[in-house]
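First up is the structure itself, then whatever we jot down about it.
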Amino acid sequence: MTASVTIAMLLANATTMLAESMALEKREARIEARVLLAHGLEVDHAWLIAHDQDAPTPAQLHAIEDLLARRASGEPVAYMLAEREFYGLSFKVTPDVLIPRPDTELLVETALEQMPENTPCRILDLGTGSGVIAITLALQRPLSTVLAVDASLAALAIAQENSRQLGTTNVVCICSNWYAMLDVKKFDIIVSNPPYIAASDPHLASGDLRFEPRQALASGADGLDDIRQIIAGAPSHLVEGGWLLLEHGCTQAAAVTALLQQHGFTAIRTLKDLAGLDRVSMGSWSGQAG
Ligand code: GLN
């Protein structure tokens, strides 16, 4: 009789398999293996540790093998779990929206620094996707109101569901291609994590990006098509002294700064992400065309 496969054995095998097939570091592969096993068995990590000598049933084994095979073929963990943590909260994600990245927490933190806690701010989030930026700002600043805009109805449905799940009452979602449906509404802060990857960038054909909505990632020959539109339209939607904060690619800071200057923004600054790369630029609308 062959000994049954234990959870400890499964974990070890899955780690080796993921490390090899995904070219992951062992540590990273172990984390992914643990996450996928816990998901397949519908248990938490503490349970996995306490029960590592248990043998899963054939049906459970089958479910785990299926998850591991999907991951080995490149499917992002966030889509397999249909959730991703952002700023300490769990958000629903599907292939209709970009997977939230830790880099974007810099955009949120920087925006929060511009919003005193006791002052109601009118915030616009352009290209909200799953709604992580809009919802986090709304929860951190309950006196403020957030208008979350996306051109994708499928994305807006996810943002709306996240907003409901997380109990926000100060987020309104509308379908609009950037400012198209906004008439002359004025905001104190505009934030955006727009598509900013050059259409020919080989990264689009690797890793998680292959599975994410292309229209949320790529933006013309230099990746700046959408950023150009967002910056050009911001002055007519900001109060004087209002802020525009944009996430962008690590090589785009100079171009974004120049665009902000051209359109009359002042106090322009670029901030670096956790990897030390230029990731967010911001400027204050001076009230005068540049
Ligand atoms: N930060 C993402 C990446 O480079 C891109 C997100 C975006 O284009 N807004 O993987």
Side-chain angles (χ1 to χ4, degrees), residues 22-24 28 32 71 74-80 84-87 91 93-111 124-137 148-152 154-156 158-159 162 176-179 189-231 233-234 244-257 259-260 270-282:
M22 313 280 305
L24 293 177
E28 222 178 318
E32 288 205 357
R71 181 59 188 138
E75 193 172 335
V77 174
Y79 290 154
M80 292 168 66
R84 176 56 39 113
E85 192 189 300
F86 182 85
Y87 216 83
F91 287 83
V93 294
T94 72
D96 287 318
V97 296
L98 207 68
I99 300 166
R101 311 280 203 273
D103 300 342
T104 305
E105 293 184 351
L106 173 67
L107 182 67
V108 167
E109 270 159 17
T110 313
L124 172 63
D125 175 24
L126 291 172
T128 199
S130 60
V132 289
I133 299 169
I135 293 166
T136 307
L137 294 178
V149 161
D150 207 288
S152 156
L156 281 179
I158 305 293
N162 279 323
S176 173
N177 190 0
W178 304 135
Y179 308 98
I189 300 210
I190 301 177
V191 289
S192 184
N193 174 19
Y196 54 69
I197 300 178
S200 60
D201 190 321
H203 287 110
L204 290 169
S206 71
D208 287 0
L209 275 68
R210 287 171 293 169
F211 293 80
E212 294 182 279
R214 189 54 64 100
Q215 74 270 24
L217 291 169
S219 188
D222 59 359
L224 290 165
D225 280 8
D226 289 287
I227 286 183
R228 271 188 282 271
Q229 284 187 52
I230 290 170
I231 294 177
L244 172 62
L245 290 92
L246 292 169
E247 180 172 323
H248 54 71
C250 58
T251 60
Q252 293 171 330
V256 173
T257 299
L259 285 164
L260 287 167
T270 295
L271 296 109
K272 290 186 192 299
D273 64 18
L274 291 171
L277 302 170
D278 289 340
R279 185 59 63 197
V280 167
S281 288
M282 59 195 285

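Just so we're clear, the structure is a prediction, and the values are computed from it rather than from any experiment. As the structure lists them, so they are numbered: ligands from 1, and atoms in each ligand from 1.
Atoms of ligand 1 lying under 4.0 Å from at least one heavy atom of Pro195, given by number and element, are 8 (O). The atoms of ligand 1 that sit less than 4.0 Å from any heavy atom of Pro194 are 7 (C), 8 (O), 9 (N). For ligand 1, the atoms sitting less than 4.0 Å from at least one non-hydrogen atom of Glu247 are 1 (N), numbered in the order shown with element in parentheses.
Between the side chain of Asn162 and the main chain of Ser130, a donor-acceptor pair closer than 3.5 Å is present. Put simply, the side chain of Asp150 gets close to the backbone of Gly129: a donor and an acceptor are under 3.5 Å apart. Asn177 places no side-chain N or O within 3.5 Å of a backbone atom of Ala151 that could act as its donor or acceptor partner.
When heavy-atom distances to ligand 1 are checked against a 4.0 Å cut-off, Leu98 comes that close only through its side chain, counted from C-beta outward. Contact annotation: for Leu209 versus ligand 1, heavy atoms closer than 4.0 Å belong to the side chain alone. Neither the backbone nor the side chain of His203 comes within contact range of ligand 1; no heavy atom lies under 4.0 Å. Looking at Ser219 against ligand 1, nothing comes within 4.0 Å, counting heavy atoms.
Using a 4.0 Å cutoff on heavy atoms, Asp103 does not count as a contact of ligand 1. Under a 4.0 Å heavy-atom criterion, Ala216 is in contact with ligand 1.
Side-chain contact between Asp208 and Val77 is absent, with no heavy atoms from C-beta onward closer than 4.5 Å.
From Leu107, atom CG reaches atom CZ of Arg279 across 11.0 Å, with rounding to the nearest 0.5 Å. Here CH2 of Trp178 is found 5.0 Å from CG of Asp226. Values are rounded to the nearest 0.5 Å.
Between Val108 and the options Val132, Val191, Ile135, Leu137, a side-chain contact (heavy atoms from CB on, under 4.5 Å) holds for only Leu137.
When only non-hydrogen protein atoms are considered, atom 1 (N) of ligand 1 lies nearest to Tyr196 OH, 2.8 Å. Protein heavy atom at the shortest distance from atom 3 (C) of ligand 1 is Arg101 NH2, 3.9 Å.
Residue Arg279 has no nitrogen or oxygen atom sitting less than 3.5 Å from a nitrogen or oxygen atom of ligand 1, judged on distance alone. Checking only distances, Ile197 never comes within under 3.5 Å of ligand 1, N or O to N or O.
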Would you sort out whether Tyr179 and Leu124 count as a side chain to side chain contact (heavy atoms under 4.5 Å, CB included), showing the intermediate values? CA-CA 10 Å; Tyr179 308 98; Leu124 172 63; 4.0 Å; yes

Test salt bridge (Lys or Arg N to Asp or Glu O under 4.0 Å) on Arg84 and Glu212; report intermediate values, then the result. CA-CA 14 Å; Arg84 176 56 39 113; Glu212 294 182 279; over 6 Å; no

